[in-house]
Amino acid sequence: MNLPLNIDFTGKVVVITGAGGVLCGTMARAFAQAGAKVAALDLNEDAVKELADECKAEGYICEGYKANVLDAQELEKVHGDVLKDLGPCDILVNGAGGNNPRATTDNEYQHEAAEGQKTFFDLDASGVDFVLKLNFQGTLIPTQVFAKDMVERKAGCILNISSMNAYIPLTKIPAYSAAKAGISNFTQWLATHFAGTGIRCNAIAPGFLVSKQNKALLFHEDGTPTPRSHKILNGTPMGRFVDGEELLGGVFFLCDEKAASAITGVVLPIDAGFAAYSGV
């Protein structure tokens with residue numbers, strides 16, 4: 001891929017959770033291509049092993065590790081493996097996260113709910129708990145494990161993945177919106193907490209991307225946009241969705257110790273203008 005910016009991460013050890021997915025897998029490839037030694041972590045071991053093999057075949061350094069971001073004991077073991085294989089962590093990208101159907105309503109507004117639809121009153125408490133844990137604790141626990149390397153060397157960077165939902169909650173997904181708002185807040189907390197140790201902590205807030213997970217929500221089978229898709233595009237000044245590779249410029253910038261040396265506690269929207277538009 002064509003890398004954004006002219007930033008060299010040679011020698012840096014970059015740990016990326018959620019690297020079995022498309023977005024974080026793209027980030028892992030980009031960091032490896034930019035010279036970093038990449039540790040790709042995901043619950044889907046096959047996905048990160050395949051990613052690592054592909055990177056190695058192209059002459060880059062990448063190792064894949066099965067990891068449950070909600071299991072501190074397992075992450076400590078993975079941390080030991082990363083130390084042995086690649087070295088101490090310089091950059092941590094907390095990419096693991098997601099939503100769950102049990103924490104999602106069928107209708108946007110209660111007064112429009114039809115019989116048989118899952119409403120706010122039907123949300124599964126365990127599903128909501130899962131979403132909150134996956135996103136928040138799935139960021140907290142890896143940070144507890146891998147940021148120790150940075151504290152010891154008084155240098156490093158943590159990058160979290162927030163969302164447009166963190167600014168204004170989107171309809172149908174209350175738990176995911178609340179969880180991502182928590183990530184933005186936690187990013188600021190970490191930035192303050194680690195300020196005296198030389199560690200910077202920032203986040204990106206991706207705009208609307210088309211993925212396998214949401215394609216059916218955004219497009220009909222014939223490829224035409226759904227009503228929800230029209231709402232998104234009408235509220236986006238640039239009038240289009242964001243491509244996954246367009247996140248890389250912001251990611252590289254925030255993770256570069258020279259270019260962003262005084263930047264910490266920032267949540268950077270990469271959203272084609274969505275967060276800036278009032279609708280008028």
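Other residues, nucleotides and ligands place more than 12 heavy atoms under 6.0 Å from the CD atom of E246. Surrounding CG of N6 are at most 12 heavy atoms belonging to other residues, nucleotides or ligands under 6.0 Å away.
Nearest heavy-atom pair across N68 and L75 is O-CG, 3.7 Å. Residues T187 and A203 share a closest heavy-atom pair of OG1-CB, 3.7 Å. The minimum heavy-atom distance between A103 and V131, with the atom names listed, is CB-CG2, 3.8 Å.
Between R29 and E58, none of the side-chain N atoms (NZ, or NE/NH1/NH2) sits under 4.0 Å from a carboxylate O, so this pair counts as no salt bridge. Ion pairing between a basic and an acidic side chain is recognised when a charged N comes within 4.0 Å of a carboxylate O; K231 and E108 show such pairing. A salt bridge is defined here as a Lys NZ or Arg NE, NH1 or NH2 lying under 4.0 Å from an Asp or Glu carboxylate O, and K49 with D53 fails to meet this definition. Ion pairing of E63 with K56 is present here, as a side-chain N (NZ or NE/NH1/NH2) and a carboxylate O approach within less than 4.0 Å.
A donor-acceptor distance shorter than 3.5 angstrom exists from the side chain of D42 to the backbone of G20, with no hydrogens or angles considered.
Between C89 atom SG and K37 atom NZ the span is 11.5 Å, to the nearest 0.5 Å. For the atom pair OG of S184 and CH2 of W189, the computed distance is 16.0 Å after rounding to the nearest 0.5 Å. Taking CZ of R153 as the reference point, atom OG1 of T197 lies at 11.0 Å (rounded to 0.5 Å). If you take CG on D124 and NZ on K118, they are separated by 8.0 Å, rounding to the nearest 0.5 Å.
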For N94 and T143: C-alpha separation, side-chain torsions, deciding distance, then whether side-chain hydrogen bond (donor to acceptor under 3.5 Å, both in side chains) applies. CA-CA 8 Å; N94 284 309; T143 303; 3.0 Å; yes
Check the pair R200, S261 against side-chain hydrogen bond (donor to acceptor under 3.5 Å, both in side chains), reporting the backbone distance first and the verdict last. CA-CA 8 Å; R200 297 179 302 104; S261 59; over 6 Å; no
Step-by-step side-chain hydrogen bond (donor to acceptor under 3.5 Å, both in side chains) determination, D85 to Y65: CA-CA 11 Å; D85 297 339; Y65 304 89; 2.8 Å; yes
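Ring planes of F252 and F9: perpendicular class, angle over 60° (limits at 30 and 60°). Using cut-offs of 30° and 60° for the angle between ring planes, the H79 and F146 rings count as perpendicular.
Contact check for L41 versus I16: no side-chain heavy atoms found under the 4.5 Å cut-off. Residues S229 and F241 form a side-chain contact, since some pair of their non-hydrogen atoms from C-beta on lies under 4.5 Å apart. Y176 places a side-chain heavy atom less than 4.5 Å from the side chain of N135.
Looking at T119 and T105, their side chains never bring a donor and an acceptor atom within 3.5 Å of each other. Under the 3.5 Å distance criterion, with hydrogens and angles disregarded, no donor-acceptor pair is assigned to the side chains of T139 and N160.
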